[in-house]
Each structure stands twice: as structure tokens, then as C-alpha cells.
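What you see is a predicted model, and the numbers here were worked out from it, not measured in a lab.
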Amino acid sequence: MRIRIVVIIALLATLAACAQTQSFLRYEATGERMVWPQPPDTPRYRYVGQFTGEDNIFKEESGKLGKFFRWLVGLTSFDPDRLMLQRPQSGVVDDVRGRVYVTDVGRRGVFVFDEAKGQILFWEDAGDARRFATPSGVTLGANGQLFVADADLAEVIRLGPNGEPLESFGSGILKRPTGIARDPWTGRIYVSDTQAHNIKVFDDNGKLHHVIGQRGEGVGEFNFPTFLAFSNNKLYVTDTLNSRIQVLNAEGKYLLTFGKRGLYVGDLPRPKGVSVDNAGRIYVVESYYDHLLVYSPEGQLLLPVGGTGSEIGEFYLPSGVWTGARERVYVADMFNSRVMIFEYVGGTLK
């Protein structure tokens with residue numbers, strides 16, 4: 001009898017292997033979605049969903065036999081080794097390839113959420129027989145390349161479209177790189193060197209071009225700068241321990257400052273991630289009070305989203321924020337081990 005059972009299972013396995021399986025990347029919430037601001041005010045943003053890791057992957061099989069076999073042998077049981085976000089730091093959207101890249105300091109690598117192909121990839125190879133140590137900032141390069149600033153390796157690693165390490169630069173120049181942004185027109189790469197209290201600018205070949213700023217509290221000076229964003233020929237710098245955002249032009253000339261230390265929502269005691277959408281709205285992660293703050297292009301507070309917690313729309317020590325072409329805003333909710341996704345639904349914020 002035992003032999004017959006083994007033969008039957010082997011036959012079912014063979015037939016199940018013939019069934020076609022298609023993977024989908026699903027992250028959107030179902031049912032009624034939370035909005036901000038709350039009614040009776042007119043909603044401007046809504047919750048879309050979240051990335052957590054392999055929980056976002058769903059498989060659909062062409063035949064019932066494949067599903068039956070997976071149930072029979074227990075393949076749908078819990079797997080403790082699933083690839084899940086642990087401590088997401090920052091990210092970037094590649095709208096051309098349908099991908100969202102997320103750095104994770106807990107997993108020591110880069111997650112690739114590939115919506116177009118319905119899969120999740122994980123890149124941990126930093127080249128020279130090393131793996132990433134503390135991958136923090138990430139930005140897109142030309143021809144599908146990716147630049148990752150690794151704080152502990154003290155280098156920027158250039159990856160190819162398939163995650164292959166192409167080169168690294170900044171060794172001996174960078175002390176602790178955190179944020180990174182790139183001007184797609186000139187190819188210049190801006191790196192916030194947090195421990196050096198300045199912004200180092202490299203050309204597209206990884207050669208140091210010039211340095212912006214020094215330690216201080218004055219205009220164009222920094223105190224532990226962290227994340228960066230580049231949009232419309234402007235560089236946005238999270239000047240973290242000066243509790244402000246500084247906006248510079250592409251050459252590093254000062255344009256604007258907003259933010260201050262304080263006890264109220266909208267103050268910036270510990271700003272981290274910064275990003276800018278197509279309309280010029282500025283998004284800042286305020287990690288001390290666990291908020292995503294939306295500012296006008298002039299630096300006036302428009303809307304707070306969040307508060308401490310693990311429910312939808314709440315954060316626990318959030319880190320990076322980035323935007324995409326579909327009016328979507330992504331927040332690395334670090335200690336909730338997820339990336340929360342919001343969408344601008346129109347109208348004017350006042």
C-alpha cells in the first residue's frame with residue numbers, strides 16, 4: 001500500500017509540473033481606503049497599499065490539479081525563511097521598468113518589487129567578494145543602472161539592470177554616505193556624507209567633481225545631513241541635526257530653508273527622507289513624531305499624515321520617502337517592516 005501511495009504522489013507531481021503558474025505582485029488594499037484629510041474636509045491623499053516582501057506575491061495556476069497537489073504535500077504551509085522586509089531605509093521608482101527598489105539595512109541588500117514581471121528580487125552583492133553592509137540611499141542611473149550609497153562600506157556601488165555590481169567609487173573620499181540623488185541631465189551624482197557634514201558631487205564616472213558645504217548652522221552649512229532629492233534643477237537636503245530642509249540649486253547655491261525644532265506637528269526635530277512630486281510638493285519624513293509631512297514648493301506646511309503606531313497610516317520610526325509618476329508617495333516605515341503607499345487624488349492643498 002505504501003508503494004502505491006508513493007507512486008500516486010509521484011504521478012501527481014509530474015502532472016502538476018505540467019500546469020502553468022503565473023505570478024502577480026499585489027499590494028493594493030481592498031475595500032474602503034483611508035484618506036487624508038478626513039471628512040468633512042476634501043480628501044487629497046488616499047492609502048493604496050503596502051510592500052512587505054513575499055506576502056505581495058500571489059501565484060495563479062492554470063489547472064485544479066496543481067492546486068490540489070500543493071495542498072496535498074503541504075506546500076502552502078508557513079515558511080519561516082520567506083524574503084520579507086526587515087528595516088527598509090529608502091527607495092526609488094523606475095517607472096520605465098515597472099520596478100520599485102527598496103534598500104533594507106536589516107537584510108543588508110536591495111529589494112526589487114517588479115510589478116511588470118510579478119516577482120520580487122533581492123540583490124546583496126556589492127562587488128569585490130563583498131555584500132552590502134548598510135545600504136541606505138538609492139537612485140536611478142542611466143540605462144537601467146542603480147546607485148546605492150552604503151554607509152558602512154563608505155562607498156557608492158553602481159549596479160547593472162540585473163543587479164550585477166559594475167563598480168564602486170568614493171573609497172577614501174566618503175566617510176559615511178547616507179543619501180544619494182542624481183541629476184539626469186548632467187549625470188552628476190550628489191552624495192550626503194553625513195559624518196563629514198557636506199555634500200560630495202561626483203560625475204557620472206564616479207570622479208569627485210566638487211564639495212558643497214561644511215559643518216555649521218548657517219546658510220549652506222550642514223549638521224549631519226542625511227537624505228537627498230533632486231528635482232527641477234534643485235537639490236533638496238535633509239539637514240537632520242539642524243532640524244531643517246535646505247534647498248540648493250544644481251551648483252550648490254542656497255535657495256530656501258524651512259523647518260525648525262519644536263513640539264508641534266509640522267516642526268522638524270528629526271527629519272529624514274525628502275522627496276518632491278511632479279507638482280513641486282515637498283514630502284518630508286519626520287521620524288521623531290512619526291509623520292509624513294507635505295509642504296508647498298515654498299516650504300509651507302500643507303498636510304500631516306501619520307502618528308506613532310502600526311495601523312494603516314501610522315508609522316514607527318519611518319525613514320525614507322520617494323515619489324513616482326503615478327502620483328504615488330512611498331514611505332519606508334522602518335520599524336513596522338513595510339513600505340506604505342499613498343496616492344494624491346487631486347485638488348489644491350491650502
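The side-chain heavy atoms of Ile245 and Leu268, taken from C-beta on, include a pair separated by under 4.5 Å. Under the 4.5 Å side-chain criterion, counting only non-hydrogen atoms from C-beta, Asn223 is in contact with Asp239.
Under a 4.0 Å N-O distance rule, the pair Asp114/Arg97 does not qualify as a salt bridge. Taking a cutoff of 4.0 Å between a charged side-chain nitrogen and a carboxylate oxygen, Arg188 and Asp183 do not qualify as a salt bridge.
For the residue pair Thr178/Thr194, the side-chain donor-acceptor check at 3.5 Å is satisfied. Judged by distance alone, the side chains of Asp277 and Tyr283 do bring a donor and an acceptor atom under 3.5 Å apart. For the residue pair Arg99 and Tyr101, a side-chain donor N or O sits within less than 3.5 Å of a side-chain acceptor on the partner. A donor atom on one side chain and an acceptor atom on the other are not found under 3.5 Å apart for Asp104 and Gln86. One side chain, Thr240 or Thr226, offers a donor N or O that lies under 3.5 Å from an acceptor on the other.
For residues 152-177, the pairs satisfying ring pair (Phe, Tyr, Trp, His ring centres under 6.0 Å) are Phe169-Phe202, with sequence neighbours left out.
Residue Tyr316 forms a ring pair (Phe, Tyr, Trp, His ring centres under 6.0 Å) with just one option from Tyr289, Phe335, Tyr288, and that option is Phe335. Under the side-chain contact (heavy atoms from CB on, under 4.5 Å) rule, Leu301 has a single partner from Asp267, Val294, Ile282, Leu293, which is Leu293. The residue from Tyr236, Phe227, Tyr330, Phe230 that alone fulfils the ring pair (Phe, Tyr, Trp, His ring centres under 6.0 Å) condition with Trp322 is Tyr330.
Two different hydrophobic clusters hold Phe111 and Val92 under the rule that ILVMFWY side chains link at heavy-atom gaps under 4.5 Å.
Under the salt bridge (charged side-chain N to carboxylate O under 4.0 Å, His left out) criterion, Glu286 pairs with no residue at all, not counting sequence neighbours.
Distance CD1/Ile180 to NZ/Lys200: 13.0 Å, rounded to 0.5 Å. Within the model, atoms CD of Gln145 and OG1 of Thr139 stand 12.0 Å from one another, a figure rounded to the nearest 0.5 Å.
In this structure, Arg26 satisfies the cation-pi test against Phe58, with its NZ or CZ atom closer than 6.0 Å to the six-membered ring centre and inside 45 degrees of the ring normal.
A donor-acceptor pair is defined here as one N or O able to donate and one able to accept, closer than 3.5 Å; no such pair exists between the side chain of Tyr47 and the backbone of Glu343.
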